[in-house]
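Below: the structure, in C-alpha cells.
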Amino acid sequence: MYKCLIFAGTVEGRRLAGDLASAGVLVTASVATEYGEKIIAPQEGLTVHQGRMDQEEMEAFMKAGGFGQVVDATHPYAAAVSENIRAACRNTGIPCLRLLRESEEGDGDWISVSSAREAAEYLNHTEGNVLLTTGSKELKEFTIVKDYQTRLFPRVLSTAESVLSCVELGFEGKNLICMQGPFSEELNTAMLRQIGASYMVTKETGKSGGFGAKLAAARKAGVKVIVIGRPVREEGLSPAAVREVLAEKWNLTFPVSAGKPEVILAGMGMGSHGTMTVEAAEACREADAVLGADRMLEYPRSLGKPVFASYKNDELKAYIDSHPEYRKVVILLSGDIGFYSGAKKLLRCLEGYPVKTMPGISSVVYFCGRLGISWENVKLLSLHGKEGNMVGAVARNRKVFALTGGTDGVSRICRQFVEYGLSHVTVYVGERLSYPDERITQGSPAELAEQTFDSLCVVLVENPEAGSLPVTHGLDDELFIRGKVPMTKGEVRSVSLSRLRLKQDSVVYDVGAGTGSVSIEMALQAWEGMVYAIEKNPEAVALIGENQKKFRASNIQVVEGLAPEAMEDLPAPTHAFIGGSSGNLKEIMELLLRKNPACRIVINAIALESVAETLNCLKALPVTDVDISSVTAARSKALGRYHMMMGQNPVYIISCTGGSDDDDA
C-alpha cells in the first residue's frame with residue numbers, strides 16, 4: 001500500500017490529500033493548528049496529524065510513518081517550514097514534491113514591499129484607515145504605525161487563539177474583524193467601504209487565497225493596495241502537475257468528480273500574451289490544463305500549467321477524456337472563435353461536455369487597427385487550407401481581408417491580380433502579428449509577387465476602382481471574345497441559367513463549354529463557388545482562358561478533354577450545364593448523378609436527334625422536376641432606314657433534378 005505525507009497548510013494541499021485517499025493511497029495530512037484539523041473533511045484512508053514540528057521531529061515522524069512520498073503544500077509565506085521539510089526529506093531519503101500555489105498575475109498597480117515590517121513603515125507616513133488581511137501572526141509588526149488602534153482594521157480567523165493575540169496587541173471592538181474566508185469581491189468591496197479604507201494590506205496569496213478578488217475590490221472601492229511579496233521565489237509544481245507525477249509513480253487513477261469537466265474555448269488573439277483578453281488570461285490561470293497549437297502555449301507554460309500541444313479535435317478530446325482529474329480545461333484558439341475558427345467543429349466534437357466560449361481579438365480587427373483603416377465594410381475571406389475567389393472579391397469590393405496559407409500564398413494571390421488586370425490595387429501583408437518580429441509590408445501586386453512571406457500571414461487589399469457587378473445574367477454577346485468557336489446566344493443563355501437556379505457558392509460543370517460564355521456568366525453569379533469548364537477543342541480552351549481573364553472570373557477551372565472521362569476526378573457538382581455531349585449524354589448524366597444524386601442539370605439541344613436522346617435519358621435515369629422549353633429568338637438587323645427581325649435557330653432547353661418520384665426508386 002502506498003503511503004504519502006502531505007504538509008497540508010493550504011486548500012490545494014487539503015484537496016490533494018482527499019484525492020489521493022480516494023485513489024487508494026494511505027495519506028497523512030500534517031497541519032499546524034487545531035483549526036487546520038477541523039477544516040479537513042473525514043475520509044477513509046486519510047489521517048490528520050495536528051501540531052507544529054521542527055526539523056528533528058519531522059524526521060522522526062517520517063521514519064516512523066514509513067512514507068514513500070512527502071508533499072510540501074504549505075503556505076508560500078511559510079519559508080522556514082518549507083526549509084525544514086526539505087532538510088528532513090534529505091536526511092531520511094524520502095522524495096519530496098513542492099506543491100506551489102499559483103501566483104495571481106495582476107497589472108502591477110500596487111505598492112510592493114518585502115515584509116510586514118516594511119508595510120508598517122510605509123503606512124506610518126500615510127493617513128487614512130487600513131484593512132489588514134495578512135492574518136494575526138505578523139500583526140505585532142503593525143503596532144509601530146501611529147494611532148494603529150484606530151486606523152488599522154485587522155481581519156483574522158474567528159478562533160480563540162487569533163482573537164486573544166489581537167486583543168493583547170490592543171486591537172478590539174469595531175476595529176477587529178473575525179471571519180472565515182473565502183471572501184468574494186463583493187464582500188471585500190463592502191468591507192473596504194464600511195470602514196472607509198484608504199489602504200489595504202495583503203499578501204500575494206494566489207487565486208486560492210483570494211488575491212484577485214482583493215485587487216478587484218480595491219479598484220472598485222478606490223483603495224490603494226500594499227502587497228507583501230512572497231519571501232522566496234520557489235521552484236515546484238502546480239497542483240495538477242503534482243497529481244500527474246504521483247499518478248505516474250503509483251499508477252493511480254483519480255476518481256472522476258460528478259459530471260464532466262468544464263471546457264472553455266478561448267480566442268487568444270494573434271498569439272502573444274499581449275493580445276489575450278483579460279477574460280482569456282484569467283481562464284488560463286484558473287485552468288487545470290491548457291490545450292492548443294504549440295505556438296499558443298507559451299503563456300500557460302509560463303504559469304506552470306500542464307499543456308497539451310495539438311490542433312486536431314480528436315486528439316484534444318482524447319486528452320480531456322484521459323485526464324478525469326482535470327475539472328477545468330482551456331482550449332486556446334487563434335484570433336476570435338467566431339472568425340474562421342476551429343471552434344465550430346470543436347463544439348460538435350465536445351458534445352456532452354459543458355462548454356463555455358470566450359471571444360478574442362480577431363486578426364482583421366488587429367491588422368486594420370495597425371494600419372489605421374476601418375474594417376466595418378471589409379469583405380472577409382479565408383484562403384487558409386481552401387480555395388477562394390480572391391480576384392472576384394477584390395473586383396467587387398473596395399477592401400478585402402484574407403487569411404492566407406503557406407509561404408507562397410501572398411505571391412500566388414499577387415500573381416493572379418497581375419494576370420487578371422488588377423495591378424492597380426494596393427496590397428498590405430501582415431506577418432507574425434503581435435509577436436516581437438511582427439512585419440507589415442505594403443506594395444503593388446507586381447512588387448510583392450516575387451517576395452516570400454511567413455506562413456502566419458494576413459492580407460488586406462484596397463481597390464479604389466471596385467464596382468458592383470450584375471447579380472443576374474445578361475451579358476451582351478459582343479462582349480465575349482469569339483473566334484470561330486460556336487457560342488450559346490444571350491437569349492438562350494438567359495433562359496438556361498434561369499433554369500439552373502444557381503446559388504452564390506455553387507459548384508458547376510459546363511460540359512462542352514465552347515467560348516465559355518455560359519461558364520463566365522455562371523462564375524459571375526456563383527462567385528464564391530467554382531465552375532469547371534470541360535471542353536475538348538484546343539481552340540475553344542484558349543478562348544475560355546481569354547474570356548476568363550477579361551471578365552476576371554478566376555473561379556473557372558478549364559478542363560481540356562472529352563466528357564465524361566475528363567470529369568472523373570472533379571469534385572461533386574451541385575449543378576451542371578450540358579451544351580454539347582459528343583454523343584455521350586447518357587454516360588455524362590450517369591456520372592453527374594453518381595457524383596451527386598441531387599444534381600441540378602440543364603441541357604441545350606438543337607437537333608431533333610439530340611432531343612430524342614435526351615428524352616430517352618430522362619426516362620432511364622432517376623431524375624425528377626423535368627421541364628422542356630423550346631426557345632425561338634429573333635434579333636433586329638439594320639437594313640438602310642429599316643430594321644428587320646432575323647430569326648435564330650430554335651433551341652430546346654431541358655432541365656431536371658436528380659431524384660425520383662417513383663416510390664421504388
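In this structure, Trp250 places its CH2 atom where more than 12 heavy-atom neighbours from other residues, nucleotides or ligands lie under 6.0 Å away. Within 6.0 Å of the CD atom in Glu186, the count of heavy atoms belonging to other residues, nucleotides or ligands exceeds 12. Within a 6.0 Å radius of CD in Glu315, more than 12 heavy atoms belonging to other residues, nucleotides or ligands are found.
Glu83 and Arg98 are not joined by a salt bridge, as no carboxylate oxygen comes within less than 4.0 angstrom of a charged side-chain nitrogen. Salt-bridge check for Glu12 with Arg15: failed, with every basic side-chain N at 4.0 Å or more from each acidic carboxylate O. Under a 4.0 Å N-O distance rule, the pair Lys328/Asp288 does not qualify as a salt bridge. With respect to Arg301 and Asp294, a salt bridge is recorded, a charged nitrogen being found less than 4.0 Å from a carboxylate O. Glu138 and Lys203 are joined by a salt bridge, as a carboxylate oxygen and a charged side-chain nitrogen come within less than 4.0 angstrom of each other.
Rounding to the nearest 0.5 Å gives a distance of 8.0 Å between NE2 of His273 and SG of Cys284. For the atom pair OH (Tyr319) and CZ (Phe308), the distance works out to 7.5 Å, reported to the nearest 0.5 Å. For the atom pair CZ (Phe67) and OG1 (Thr28), the distance works out to 3.5 Å, reported to the nearest 0.5 Å. Between the CD1 atom in Ile228 and the OG atom in Ser114 there is a gap of 9.0 Å [rounded to 0.5 Å]. Rounding to the nearest 0.5 Å places OG1 of Thr202 at 10.0 Å from CG of Leu132. How far CZ of Arg295 is from OH of Tyr311: 12.5 Å, rounded to the nearest 0.5 Å.
A donor-acceptor pair is defined here as one N or O able to donate and one able to accept, closer than 3.5 Å; no such pair exists between the side chain of Lys63 and the backbone of Thr92. Checked by atom type and distance alone, the side chain of Asp336 pairs as donor or acceptor with a backbone atom of Gly360 at under 3.5 Å. Checking side-chain atoms of Thr74 against main-chain N and O of Ser82 turns up no donor-acceptor pair under 3.5 Å. Of the possible donor and acceptor atoms, one in the side chain of Thr133 sits under 3.5 Å from a partner among the backbone N and O of Val201. Of the possible donor and acceptor atoms, one in the side chain of Asn175 sits under 3.5 Å from a partner among the backbone N and O of Leu152. When atom types are taken as modelled, the side chain of Glu248 and the backbone of Val245 share no donor-acceptor pair closer than 3.5 angstrom. No donor-acceptor pair under 3.5 Å is formed between the side chain of Ser162 and the backbone N or O of Ser158. Not a single donor-acceptor pair under 3.5 Å links the side chain of Ser272 to the backbone N or O of Tyr435. Judged purely by atom type and a 3.5 angstrom limit, Gln69 uses its side chain to pair as donor or acceptor with the backbone of Pro95. Checked by atom type and distance alone, the side chain of Asn129 never pairs as donor or acceptor with a backbone atom of Ser198 at under 3.5 Å.
For the side-chain hydrogen bond (donor to acceptor under 3.5 Å, both in side chains) condition, the pairs that include at least one residue of residues 42-51, sequence neighbours left out, are Ser22-Gln43. Pairs of residues two or more places apart, or lying in two chains, that qualify as salt bridge (charged side-chain N to carboxylate O under 4.0 Å, His left out) and include a residue from residues 110-120 are Arg117-Glu121, Arg117-Glu141. The side-chain hydrogen bond (donor to acceptor under 3.5 Å, both in side chains) analysis of residues 343-362, with sequence neighbours excluded, yields the pairs Asp321-Tyr353.
Summarising the geometry of Cys457 relative to Glu431, their closest heavy-atom pair is SG-CG, 4.0 Å, with the distance given to 0.1 Å. Among all heavy-atom pairs drawn from Ser30 and Leu5, the shortest one is CB-CD1, 4.2 Å. Closest approach of Tyr2 to Val25, counting heavy atoms only: O-CG1, 3.4 Å. Among all heavy-atom pairs drawn from Ile6 and Gly13, the shortest one is CG2-O, 4.0 Å. The minimum heavy-atom distance linking Ala287 with Val330 is given by the pair CB-CG2, 3.7 Å. Among all heavy-atom pairs drawn from Gly65 and Lys3, the shortest one is O-NZ, 2.6 Å.
Proximity of Val31 to Ile40: side-chain heavy atoms (C-beta onward) are separated by under 4.5 Å at one or more points. A heavy-atom distance below 4.5 Å is not found between the side chains of Leu350 and Leu316. Residues Leu99 and Leu16 have side chains in contact (heavy-atom distance under 4.5 Å, counting atoms from C-beta outward). Contact of the Leu291 side chain with the Ser310 side chain is not registered, since no non-hydrogen atoms from C-beta on lie closer than 4.5 Å. Counting heavy atoms from C-beta on, the side chains of Ile85 and Val70 come closer than 4.5 Å. At a threshold of 4.5 Å between non-hydrogen side-chain atoms, the residues Tyr199 and Ile226 count as touching. In this structure, Leu371 and Leu460 have side chains that are in contact, with non-hydrogen atoms separated by less than 4.5 Å. Leu246 places a side-chain heavy atom less than 4.5 Å from the side chain of Leu20.
For Lys249, the salt bridge (Lys or Arg N to Asp or Glu O under 4.0 Å) criterion is met by no residue, not counting sequence neighbours. Here Phe171 pairs with Tyr148 under the ring-ring contact (aromatic ring centres under 6.0 Å, His included) rule; sequence neighbours left out. Residues meeting the salt bridge (Lys or Arg N to Asp or Glu O under 4.0 Å) test with Glu34, sequence neighbours left out: Lys38.
A side-chain contact (heavy atoms from CB on, under 4.5 Å) with Asn84 is found for exactly one of Glu57, Gln55, Glu56, namely Gln55. Asn188 pairs with exactly one of Lys214, Lys220, Arg155 by the side-chain hydrogen bond (donor to acceptor under 3.5 Å, both in side chains) rule, that one being Arg155. With Leu347 as the partner, the side-chain contact (heavy atoms from CB on, under 4.5 Å) test is satisfied by one option alone out of Val263, Val355, Asn313: Val355. With Leu433 as the partner, the side-chain contact (heavy atoms from CB on, under 4.5 Å) test is satisfied by one option alone out of Arg370, Arg439, Met270: Met270.
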_Using the rule given for side-chain contact (heavy atoms from CB on, under 4.5 Å), can you reason through Leu381 versus Phe401, listing the C-alpha separation, both sets of side-chain angles and the distance that settles it, and then say yes or no?_
CA-CA 6 Å; Leu381 290 178; Phe401 174 90; over 6 Å; no

*Going through the distances and angles, do Leu265 and Leu346 end up as a side-chain contact (heavy atoms from CB on, under 4.5 Å)?*
CA-CA 9 Å; Leu265 307 186; Leu346 198 49; 3.6 Å; yes

_Residue pair Val71, Phe7: steps toward the side-chain contact (heavy atoms from CB on, under 4.5 Å) verdict_ = CA-CA 6 Å; Val71 178; Phe7 289 89; over 6 Å; no

*Begin from the C-alpha positions of Asp19 and Arg243 and carry the test side-chain contact (heavy atoms from CB on, under 4.5 Å) through to its verdict.*
CA-CA 9 Å; Asp19 288 348; Arg243 282 174 169 77; 2.5 Å; yes

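Residues Tyr366 and Glu438 bring a donor and an acceptor atom of their side chains to less than 3.5 Å of each other. A side-chain donor-acceptor contact under 3.5 Å links Thr126 and Arg151.
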